[in-house]
Amino acid sequence: MGRGTGGRTPRPRASALPYLLVTPAVLALCLALGYPLVRQLVLSFQEFGLAQQFGRPPEWVGLANYRELLTDGYLWRVTARTVVFCLVNAVVTMLISVGLALVMRAMSTPVRLLTQTGLLLAWAMPVVASLTVWQWLFDTQYGVVNHVLTALGGDFEGHGWLLHPLSFFFVATVVVVWMSVPFVAFTVYAALTQLSEELVEAAEIDGASPAQRLRHVVLPSIRPVLLVVGLLQIIWDLRVFTQIFILQEAGGSASATNLLGTYIYRLGIGGGDFGTSAAVAVFMLALTVVLTAPYVRAMLRQERSAA
């Protein structure tokens, strides 16, 4: 025991090296994300249209863009449409992915490798290329889906899937879920590989049914992973743009099928009203924070309980 310590072990001296190593990455992140965010926020308080692109100074309008938006009924219809589309896609993606991960856990090795290869190919396919295939499948005259449904006795001869909002979003949901499932399924399957087999066998010996083992043993064990992928899925589905935009260009009505992402694009790039477009983008950011806050709180509670 050293003199002058009173029996207490001296605390190790904090090193500044980790902070110095992290500083360049933090600065780059702040520059890459911070500047566009600040620029967008400033732009939302300005009138910035086509004239400003040709050199006219932007006019400061304060909260006028926000007042105009918040009193516009179309924005609220687009917002409601976006939230419903986001939640439906996130729930369907999570259910299919968790089910697929559980099935892969029970597959033989050759079948599992074949399934994982198919998932990787679906995940690796470029968005535009995959959307070209999906447009052909749901094509009005030559689509495979109409042909199969008509052969099964349905009246789908010449049916336009993209012409009606409900069928448009059905097709969009199929495409978005198909593109989202591989990442979530692989992530959940990786979590399942770390699950203790002894714990599951003990529950089975105690008389727990498969549904009870899933509910009380398997899902609680991978809950942190489910929270993370669920959070990411909500963010991705809320920000979906490419799939909706391409399907709109293929025949969908933009005004009846706009989500916030395409609405921002059509206000800014399409209409030249960049100030209002920036205000909608800020509104979308706030909406993202509201929708993801419960997941963040649940993740923090999970970390505190595990500590």
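Keep in mind it's a predicted model, so treat the numbers as computed, not measured.
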Inset, instruction - For Trp161 and Phe168, run ring-ring contact (aromatic ring centres under 6.0 Å, His included): C-alpha distance rounded to whole Å, both residues' side-chain angles, the deciding distance at 0.1 Å, then the answer. - result: CA-CA 6 Å; Trp161 289 89; Phe168 176 94; over 10 Å; no
Legend entry - side chain to side chain donor-acceptor pair (under 3.5 Å) evaluation trace for Gln141 with Asn146: CA-CA 8 Å; Gln141 296 181 349; Asn146 282 350; over 6 Å; no
Inset, instruction - Show your reasoning for whether ring-ring contact (aromatic ring centres under 6.0 Å, His included) applies to Trp236 and Phe241. - result: CA-CA 10 Å; Trp236 290 333; Phe241 170 79; over 10 Å; no
Inset, instruction - Give the intermediate values and the outcome of salt bridge (charged side-chain N to carboxylate O under 4.0 Å, His left out) for residues Glu47 and Arg56. - result: CA-CA 11 Å; Glu47 181 181 349; Arg56 179 183 296 181; over 6 Å; no
Legend entry - Candidate pair Tyr66 and Phe283, rule ring-ring contact (aromatic ring centres under 6.0 Å, His included), full reasoning: CA-CA 9 Å; Tyr66 292 96; Phe283 173 79; 8.9 Å; no
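A heavy-atom distance below 4.5 Å is found between the side chains of Leu227 and Arg223. Glu68 is not listed as a side-chain neighbour of Asp72, based on a closest heavy-atom distance of 4.5 Å or more. Counting only heavy atoms from C-beta outward, the side chains of Ile269 and Phe274 approach each other to under 4.5 Å. Considering only heavy atoms from C-beta on, Ile222 stays 4.5 Å or farther from Gln194 through its side chain.
A distance of 10.0 Å separates CG in Leu259 from CD in Gln243, rounded to the nearest 0.5 Å. Rounding to the nearest 0.5 Å places CD of Gln135 at 7.0 Å from CD1 of Ile246. One finds the OG1 atom of Thr82 at 3.5 Å from the CG atom of Leu260 (value rounded to the nearest 0.5 Å). Summarising the geometry, atom OG belonging to Ser44 is positioned 11.0 Å from atom CG belonging to Leu285; distances are rounded to the nearest 0.5 Å. Rounded to the nearest 0.5 Å, atoms CG (Leu119) and OH (Tyr189) are 11.5 Å apart. To the nearest 0.5 Å, the span separating CG on Leu87 from CG on Asp237 amounts to 9.0 Å.
When all heavy atoms of Leu199 and Ser221 are compared, the closest pair comes out as CD2-OG, 4.2 Å. In plain terms, the two heavy atoms of Leu238 and Met284 that are nearest each other are O-CE, 3.1 Å. Heavy atoms only, all atoms of each residue included: Pro58 and Phe48 are closest at CB-CD1, 3.8 Å. The two residues Gln212 and Gly207 come nearest to each other via the heavy atoms OE1-O, 4.1 Å. When all heavy atoms of Ala279 and Leu69 are compared, the pair lying nearest together is CB-CD1, 3.4 Å.
Between His159 and Phe156, the ring planes are perpendicular. Angles over 60° get that label, and only those under 30° would be called parallel.
Checked by atom type and distance alone, the side chain of Tyr263 never pairs as donor or acceptor with a backbone atom of Thr79 at under 3.5 Å. Not one N or O on the side chain of Arg112 forms a donor-acceptor pair closer than 3.5 Å with the backbone of Arg105. Of the possible donor and acceptor atoms, none in the side chain of Ser97 sits under 3.5 Å from a partner among the backbone N and O of Met94. Remark: the backbone N or O of Leu163 is not paired with any side-chain donor or acceptor of Ser167 at under 3.5 angstrom.
Pairs engaging residues 262-274 under the salt bridge (Lys or Arg N to Asp or Glu O under 4.0 Å) rule: Glu249-Arg266 [sequence neighbours left out].
For Ala190, the side chain to side chain contact (heavy atoms under 4.5 Å, CB included) test picks out no residue, with sequence neighbours left out.
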Considering only distance and modelled atom types, tabulate donor-acceptor pairs under 3.5 Å from the side chains of residues 169-183, sequence neighbours left out.
| residue | atom | partner | partner atom | Å |
| --- | --- | --- | --- | --- |
| Thr173 | OG1 | Phe169 | O | 2.7 |
| Ser180 | OG | Val176 | O | 2.8 |
| Ser180 | OG | Gln233 | NE2 | 3.2 |

